[in-house]
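Each remark here refers to the structure printed beneath this line.
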Amino acid sequence: MHELSIAQSMVELAEQQARQHNAEAIEELELEIGCLAGIELFALDFALESSVKGTMLENARIVRRHIDGQGRCGDCEAVFTVSTLFTPCPVCGSYAVNILKGKELRLKSIVIK
Amino acid sequence: MCGTCGCGKHHHEHEHGHGHDHHPDDRRTIAVEQDILQRNNLLAERNRGYFEAKHIFCLNLMSAPGSGKTTLLEETIRRLKGRLPLYVIEGDQQTSNDANRIAALDVPVFQINTGAGCHLEAATVHHAFQHLNPENDSLLFIENVGNLVCPAMFDLGEAKKVVIVSTTEGDDKPLKYPHIFQQADICIINKIDLAPFLNTEVATLRENALKANHRLLLFEVSALQNTGIDHWCNWLETELTAPSH
């Protein structure tokens, strides 16, 4: 259940940014989560629900942007979509795949008032 | 003064009398663009800087509970003790059983009990090594909480991440839990002596680990039977004398 630590880090990071801008509350939290980030979304929602209580994010809308996985084959250089960390290259079948996208776990923006 | 609609610049006098609540756009979007684990990552880099400055080679050992991390550690310590100062940080939810086993080998050890926590973070490791106060030119093992999922995401500042998987867990674990294998530099397959009695092929386990991460350096050992431990310890000693360390 590392999602709880992740949720708490999100709250901490968002509040810190909001305070720097003298905000009263955070109305929206925009997250970017790659499909290979190792985050169970249901667990994250559950963890966020309890982590935001009593914070500036208590009533914030959570917007999640999903990022598809992308890999480049280390053998033939083909670039392709990956849905798992062990997707082989569709061109040459190699597992020597370097992940280019999909591991993001970022706080993209906040809307404050 | 309202900077949004410029109402403060009106030349005529009037009372709003209701603050600025009526402005539908007193909301502002702040671009943050930061990694959510930034705080942990920064602390981990701080730990890494400390280790590098003091020439401390730090390994983060991660595995499921019961895969033999502590037994492997005991065997490794028996071989390397006396060659250089060794230190261990033990992470478990409860008990100091592991720390007691390491302390019995006369090696300084610090036990972290995470309570309900499922992984170690850079801040807890920082606290632990301040207690241990390791000497320069030493080797520090961090035995993470037994968990094949969560420790993968948290950088502790180690030089190398080691994932341990035992044959009793089945040969498909690297595909079921690929994140930890993806993050690791080294994979140690433990309990190879038991494979003939199980529905586990060491070759398949190896193959699956490499599917999740083709850069993995693999070792096959039986910590309990002392098989393959020399090979692992030889590698450790080579790393310790490597110029990058």
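Chain identifiers are assigned alphabetically (A, B, ...) following the order of the sequence lines, protein sequences preceding nucleic acid strands; residue numbering begins at 1 within each chain.
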Side chain to side chain contact (heavy atoms under 4.5 Å, CB included) evaluation trace for B/His214 with A/Ser94: CA-CA 10 Å; B/His214 62 280; A/Ser94 167; over 6 Å; no

Side chain to side chain contact (heavy atoms under 4.5 Å, CB included) for B/Ile30 and A/Gln20? Distances and angles first, verdict last. CA-CA 10 Å; B/Ile30 311 292; A/Gln20 275 173 19; over 6 Å; no

Trace of the side chain to side chain contact (heavy atoms under 4.5 Å, CB included) decision for A/Ile39 with B/His179: CA-CA 10 Å; A/Ile39 294 295; B/His179 290 275; over 6 Å; no

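Of the atoms belonging to A/Ala25, not a single heavy atom falls under 4.5 Å from chain B. Only the side chain of B/Phe154 has a heavy atom closer than 4.5 Å to any heavy atom of chain A. Looking at A/Leu31, the atoms closer than 4.5 Å to chain B (heavy atoms on both sides) all sit in the side chain, from C-beta outward. Within the 4.5 angstrom heavy-atom criterion, atoms from both the backbone and the side chain of B/Gln34 approach chain A. Neither the backbone nor the side chain of B/Glu207 comes within less than 4.5 Å of any heavy atom in chain A.
Counting non-hydrogen atoms of other residues, nucleotides and ligands closer than 6.0 Å to NZ of A/Lys103 gives a total above 12. Sparse packing is recorded around CD of B/Glu201, with 12 or fewer heavy atoms of other residues, nucleotides or ligands lying under 6.0 Å away. Summarising the local packing, CD of A/Glu49 is surrounded by 12 or fewer heavy atoms from other residues, nucleotides or ligands at distances under 6.0 Å. Within 6.0 Å of CZ on B/Arg101 lie more than 12 heavy atoms contributed by other residues, nucleotides or ligands. Other residues, nucleotides and ligands place no more than 12 heavy atoms under 6.0 Å from the CD atom of A/Glu24. Within a 6.0 Å radius of NE2 in A/His66, more than 12 heavy atoms belonging to other residues, nucleotides or ligands are found.
Counting heavy atoms from C-beta outward, A/Leu36 and B/Gln182 have side chains that stay 4.5 Å or more apart. Counting only heavy atoms from C-beta outward, the side chains of B/Met153 and A/Ser5 never approach each other to under 4.5 Å.
Minimum interatomic distance between A/Phe86 and B/Leu175 (heavy atoms only, all atoms of both residues): CE2-O, 3.1 Å. Nearest heavy-atom pair, A/Ser9 versus B/Ile36, reported as atom, atom and distance to 0.1 Å: CB-O, 3.4 Å. The heavy-atom pair separating B/Asp35 from A/Leu13 by the smallest distance is O-CD2, 3.7 Å. Considering all non-hydrogen atoms of both residues, B/Ala31 and A/Ser109 come closest at CA-CB, 4.1 Å. Minimum heavy-atom separation, B/Cys150 to A/His2: SG-ND1, 3.2 Å.
Formation of a donor-acceptor pair under 3.5 Å by the B/Arg39 side chain with backbone atoms of A/Glu12 is not found in this model. Judged by distance alone, the side chain of A/Arg106 and the main-chain N or O of B/Glu33 form a donor-acceptor pair under 3.5 Å.
Among the candidates A/Gln17, A/Glu3, A/Lys113, the residue making the largest number of heavy-atom pairs closer than 4.5 Å to chain B is A/Gln17. Listed options A/Val97, A/Ile99, A/Leu4 were ranked by heavy-atom pairs under 4.5 angstrom with chain B; first place goes to A/Val97.
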